[in-house]
Student: 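First the structure, then my questions, so here it is.
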Amino acid sequence: MQACGLVVEYNPFHNGHAYHIQEARKASDADCIIAVMSGDFLQRGEPAIMDKFYRAKAALLSGVDIVIELPFAFAVQSSDLFAKGAIHTLHEIGVSSICFGSESGNASDFTNSYEYLKGSEALYRTTLKAELAKGFSFPEASRHAYQEIGLSEDSMDLTKPNNILGYSYVKTILKNEYKIEPLTIKRTNSGYHDEAITGSIASATSIRKALNEHNTITNQVAHAIPTSTIEQLTEYKSESGQWHTWEHYFDLLQYRVMTMTPGELANIHGVEEGLEHRIKKTAMHARSFHEWVEAVKTKRYTWTRLQRIFVFILANVRKEEIAPLVSNHSVPYVRILGLTKNGQAYLNKAKKQMNVPLVSKLSRQDNPLLQLEERASNAYYSILTPAIRHKLKKQELMPPLLINK
C-alpha cells in the first residue's frame, strides 16, 4: 500500500480540506491518506477551537485514513521547525509522497527555489542577519534576503503563508534525502487569512471568526463545512460549554506573568532581547488578550510570534527543555490519534518497517516529548470546570479512535 501525507491543523475541518484530500488522492494515486495534525495548540500560537480528538474524528469521517499527532514541541513553531517535525513524522510512518496546498500550485517551483537558495545560502544568511538587526520581523527580513539573492516574487512568492510552509516541507525532504515525492495543489477561492465567508470554500480563519462572533453554527458556516464537522463542533461545545479562544485564557496568563520574576519569564522559550520586561509591564494594564498583544507587538515581534510565546508561558515551556527536543535528527515516536479500517490495514504493514515506536496514549510518559505533550494538554483544558476537564483529559488515556469505514 502507498500512502500520501498531509500536514494539517483542521481548525476546524472545512470543505477546502475535503477538496485537498480528494486532489491528493488523485495526484498521488495513494491507497491511504495520512494526516499529521497539530494537537491542541497550533502553528500560529493559538488554542484550537476544539480539542485534537474531536478534530481528528471530523477528519476521519471526511476522507482521512490515519491521523497522527505533530508533537507540541514542533507544532507551535516557525515554519522550518514545524515542517521538520511534520516531515520527520511522515517519513517514519512510511509515506511515499506529501501533498500540500500552496499559492504557487507547482511543485517544481519549490524544488527549484531550494536549489537556487542553496547556492546562495551565505548571502541569504548575511542579509537576513543584517535585516533582523535593523528591527525587522523574521518574515519581513526573509523577504528582503530573498530579494537580495535574486529570488523574486515572480519566480516564487515566499511571502505567501502556504508557499512558505510548502518550501519548508520540500527543504526538509531534500536536506534529509527522504524518498518522499512533494506534490502541491493550488489553493482555490479563499485566502489563508480571509476573514469573510464568501462561498462553500472558505478559510478556517473566516469560519472561526463567524463561530466566535455568533457563538453558534450559522447557515453560512454550515455551508462551508462538512456534516461531520458540524457534528463534532456541536458535540464538543455541548460537552465543554465553549469553543476555545485566547480570551478564555487571559486571566490565567495575566496571573502567570504577574507572579513570575523577570528572570523566570526570560527563561521561557521564545522570550528574547529583554522582551520579558515589556510583557510584564503591559500585563498590569491589559484588559483583554487582544489588547495585551497589541500593547506588546512591535515591528520586530509580530502577532504570531507573540502568540507562540504566550502558549509557552501558559504551559511553562522553558528554553533548556525544548531546545534538545527540536534539535534531534528525527522524532522519537509516532502517536496515532485515530484511523479507519483502511488506515489500520496500512499500519499493520507499515509498522514492521518503522524505526520508532507507535504510541497510542499517554499512559507511559517516559519520553520528554510526551511529558511536554501532557503539560500542553493540561494547559489547554485548564479553562474548563474540573469535572469536564477530567472527562476530556481521559481521552489521552484511551486507544486511538477507530472508524469503521
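Note that the coordinates shown come from a computational prediction; the quantities given were computed from them, not determined experimentally. Numbering starts at 1 and runs along the sequence shown. All heavy atoms count here, side chains included; hydrogens, waters and symmetry mates do not.
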Student: Side chains of E320 and N267 only: does a donor on one sit below 3.5 Å from an acceptor on the other?
Tutor: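 There is such a pair between these side chains.
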Student: For the CD1 atom of I268 and the CG atom of N316, what is their distance to the nearest 0.5 Å?
Tutor: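 Between I268 CD1 and N316 CG, I get 5.0 Å after rounding to 0.5 Å.
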Student: Under 6.0 Å between the ring centres of H248 and W243?
Tutor: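 Not under 6.0 Å, so no.
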Student: If we count only N and O atoms by modelled type, under 3.5 Å, do the side chains of Y381 and D40 hold a donor and an acceptor together?
Tutor: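 There is no such pair between these side chains.
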Student: Using atom types as modelled and distance alone, determine if a side-chain donor or acceptor of R308 lies under 3.5 Å from a backbone N or O of Q43.
Tutor: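 Yes: the side chain of R308 pairs with the backbone of Q43.
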Student: Go through R300 and E273 one step at a time and tell me if the salt bridge (Lys or Arg N to Asp or Glu O under 4.0 Å) criterion holds.
Tutor: CA-CA 11 Å; R300 172 83 162 198; E273 302 166 327; 2.7 Å; yes
Student: Kindly check if the number of other-residue, nucleotide or ligand heavy atoms within 6.0 Å of CD (E115) is above 12?
Tutor: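 Check passes, neighbour count above 12.
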Student: Pair E140, H144 - check side-chain hydrogen bond (donor to acceptor under 3.5 Å, both in side chains), show working.
Tutor: CA-CA 6 Å; E140 188 67 11; H144 293 164; 3.2 Å; yes
Student: Identify the heavy atoms of K84 and V326 that sit nearest to each other, and give their distance.
Tutor: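 Heavy atoms only, the tightest pair is NZ-O, 2.6 Å.
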Student: Can you find a heavy atom in the side chain of L402 that is under 4.5 Å from one in the side chain of L339?
Tutor: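 L402 reaches L339 side chain to side chain.
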Student: Working note: L165 + V7, criterion side-chain contact (heavy atoms from CB on, under 4.5 Å); need CA distance, chi angles, decisive distance, verdict.
Tutor: CA-CA 10 Å; L165 284 171; V7 185; over 6 Å; no
Student: Could you verify whether a donor N or O on one side chain and an acceptor N or O on the other, from N162 and S102, lie under 3.5 Å apart?
Tutor: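 No, no side-chain donor-acceptor pair sits under 3.5 Å.
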Student: On a heavy-atom basis, which atom in A86 and which in V36 lie closest, and how many Å separate them?
Tutor: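 So the minimum-distance heavy-atom pair works out to CB-CG1, 4.0 Å.
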Student: Over all heavy atoms of both residues, which pair between T184 and G105 is shortest? Give the atoms and the distance, please.
Tutor: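 For T184 and G105, the tightest heavy-atom pair comes out as CG2-C, 3.5 Å.
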Student: Please evaluate residues E374 and K393 with respect to the criterion salt bridge (Lys or Arg N to Asp or Glu O under 4.0 Å), reporting the C-alpha separation (whole Å), side-chain torsions for both, the decisive distance (0.1 Å), and the verdict.
Tutor: CA-CA 9 Å; E374 183 180 28; K393 184 73 191 298; 3.7 Å; yes
Student: Using a strict cut-off of less than 4.0 Å between a Lys/Arg side-chain nitrogen and an Asp/Glu carboxylate oxygen, indicate whether E396 and K52 qualify as a salt bridge.
Tutor: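 Result for this pair is yes, salt bridge flagged.
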Student: Give a yes or no on whether a salt bridge exists between E131 and K134, defined as a side-chain N under 4.0 angstrom from a carboxylate O.
Tutor: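 Yes, E131 and K134 are salt-bridged.
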Student: Ring centroid separation for Y249 and F310, is it under 6.0 angstrom?
Tutor: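 No, the ring of Y249 stays outside the 6.0 Å limit from the ring of F310, centre to centre.
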Student: Is it the case that the side chains of N106 and S108 hold a donor-acceptor pair, with the cut-off being a distance below 3.5 Å and no angle test?
Tutor: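 Result is yes, a qualifying pair exists.
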Student: Give me the atom names and distance for the closest heavy-atom approach of P368 to L325.
Tutor: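 Here P368 and L325 meet closest at CB-CD2, 3.6 Å.
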Student: Identify the residue among Y114, Y146, Y116 that makes a ring pair (Phe, Tyr, Trp, His ring centres under 6.0 Å) with Y124.
Tutor: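 Exactly one option meets the ring pair (Phe, Tyr, Trp, His ring centres under 6.0 Å) with Y124, and it is Y146.
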Student: Assign the ring pair H244 / Y380 to parallel, tilted or perpendicular, where the plane angle (0 to 90°) is split at 30° and 60°.
Tutor: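 It falls in the parallel class, under 30°.
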Student: Determine whether more than 12 heavy atoms belonging to other residues, nucleotides or ligands lie under 6.0 Å from atom NZ of K280.
Tutor: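 Count over threshold, so yes.
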Student: Can you check whether R256's main-chain N or O pairs, donor with acceptor, with T259's side chain at less than 3.5 Å?
Tutor: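 Present.
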Student: Does Y10 form a ring pair (Phe, Tyr, Trp, His ring centres under 6.0 Å) with H20? I'd like the steps, not just the answer.
Tutor: CA-CA 12 Å; Y10 294 156; H20 179 204; 8.1 Å; no
Student: Using modelled atom types and a 3.5 Å cut-off, is there a donor and acceptor pairing between side-chain atoms of S96 and backbone atoms of A3?
Tutor: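 Here the side-chain-to-backbone pair exists.
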Student: Quick check: do S330 and N176 have side-chain heavy atoms less than 4.5 Å from each other?
Tutor: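 Counting from C-beta outward, S330 and N176 never come under 4.5 Å.
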Student: Can a donor-acceptor pair be found, under 3.5 Å and without considering hydrogens, that links the side chain of E276 to the backbone of V271?
Tutor: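 Between the backbone of V271 and the side chain of E276 there is no qualifying donor-acceptor contact (under 3.5 Å).
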Student: Hey, is CE on M398 packed in by over 12 heavy atoms from elsewhere, all under 6.0 Å?
Tutor: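 Result for CE/M398: open.
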Student: Quick check on K281: does its NZ atom have over 12 non-hydrogen neighbours (other residues, nucleotides or ligands) under 6.0 Å away?
Tutor: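 Incorrect, the count does not exceed 12.
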Student: With side chains defined as the heavy atoms from C-beta onward, is the minimum distance between P400 and S360 less than 4.5 Å?
Tutor: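 Side-chain contact under 4.5 Å: yes.
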Student: Quick one: pull up CZ in F82 and CD in Q77 and give me the separation to the nearest 0.5 Å.
Tutor: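 Those atoms lie 10.5 Å apart.
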Student: Please determine, by modelled atom types, if D109 and S104 share a side-chain donor-acceptor pair under 3.5 angstrom.
Tutor: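 A donor-acceptor contact under 3.5 Å links the two side chains.
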Student: Check whether R55 reaches the backbone of A48 with its side chain - one donor and one acceptor, N or O, closer than 3.5 Å.
Tutor: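 Here the side-chain-to-backbone pair does not exist.
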Student: Is the backbone of T234 close enough, under 3.5 Å, to the side chain of S238 for a donor and an acceptor to pair up by distance?
Tutor: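 Answer holds: no.
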Student: Atom CG in L306, atom CG in L275: separation rounded to 0.5 Å?
Tutor: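 Answer for the CG-CG pair, L306 versus L275, is 6.5 Å.
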Student: Do the rings of W246 and F41 sit parallel, tilted or perpendicular, given the 30° and 60° boundaries?
Tutor: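 Tilted.
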Student: Would you name the heavy atoms of I33 and A24 that are closest together and state the gap between them?
Tutor: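 Closest heavy-atom pair between I33 and A24: CD1-CB, 4.3 Å.
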Student: Kindly assign one of parallel, tilted or perpendicular to the pair F100 and Y169, based on the angle between their ring planes and the thresholds 30° and 60°.
Tutor: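 Because their plane-to-plane angle is over 60°, the rings of F100 and Y169 count as perpendicular.
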Student: Is the side chain of E373 donor-acceptor paired with the backbone N or O of F72 at a distance under 3.5 Å, no angle test?
Tutor: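 Indeed, once roles are kept as given, a pair shorter than 3.5 Å links the two residues.
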Student: Roughly how far apart are I34 CD1 and I98 CD1, rounded to 0.5 Å?
Tutor: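 Here the interatomic distance stands at 12.5 Å.
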Student: Do E69 side-chain atoms and R335 backbone N/O form a donor-acceptor pair below 3.5 Å?
Tutor: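 No; judged by distance alone, with no hydrogens or angles, the pair does not exist.
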Student: Mind checking whether W303 and Q307 have side chains closer than 4.5 Å, heavy atoms only?
Tutor: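 Touching, per the 4.5 Å side-chain cut-off.
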Student: Got a second to check how far F312's CZ is from R318's CZ, nearest 0.5 Å?
Tutor: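 If we round to the nearest 0.5 Å, F312:CZ and R318:CZ are 13.0 Å apart.
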Student: Enter the distance from S142:OG to I164:CD1 here, rounded to the nearest 0.5 Å.
Tutor: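 Those atoms lie 7.5 Å apart.
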Student: Is there a donor-acceptor contact under 3.5 Å linking the side chains of E92 and H88?
Tutor: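 No, no side-chain donor-acceptor contact under 3.5 Å.
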Student: When you measure from the side chain of S120 to the backbone N and O of L117, does any donor-acceptor pair fall under 3.5 Å?
Tutor: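 Side chain of S120 to backbone of L117, a donor-acceptor pair under 3.5 Å: no, none is there.
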Student: Minimum heavy-atom separation for I322 to H269, with atom names?
Tutor: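 I322 and H269 have their closest heavy atoms at CG2-ND1, 3.1 Å.
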Student: Between the main-chain N or O of F110 and the side-chain N or O of S113, is there a donor-acceptor pair closer than 3.5 Å?
Tutor: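 Answer holds: no.
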Student: Is any side-chain N of the basic residue among E23 and K186 closer than 4.0 Å to the acidic one's carboxylate O?
Tutor: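 Looking at K186 together with E23, the answer is no, because their closest N to O distance does not fall below 4.0 Å.
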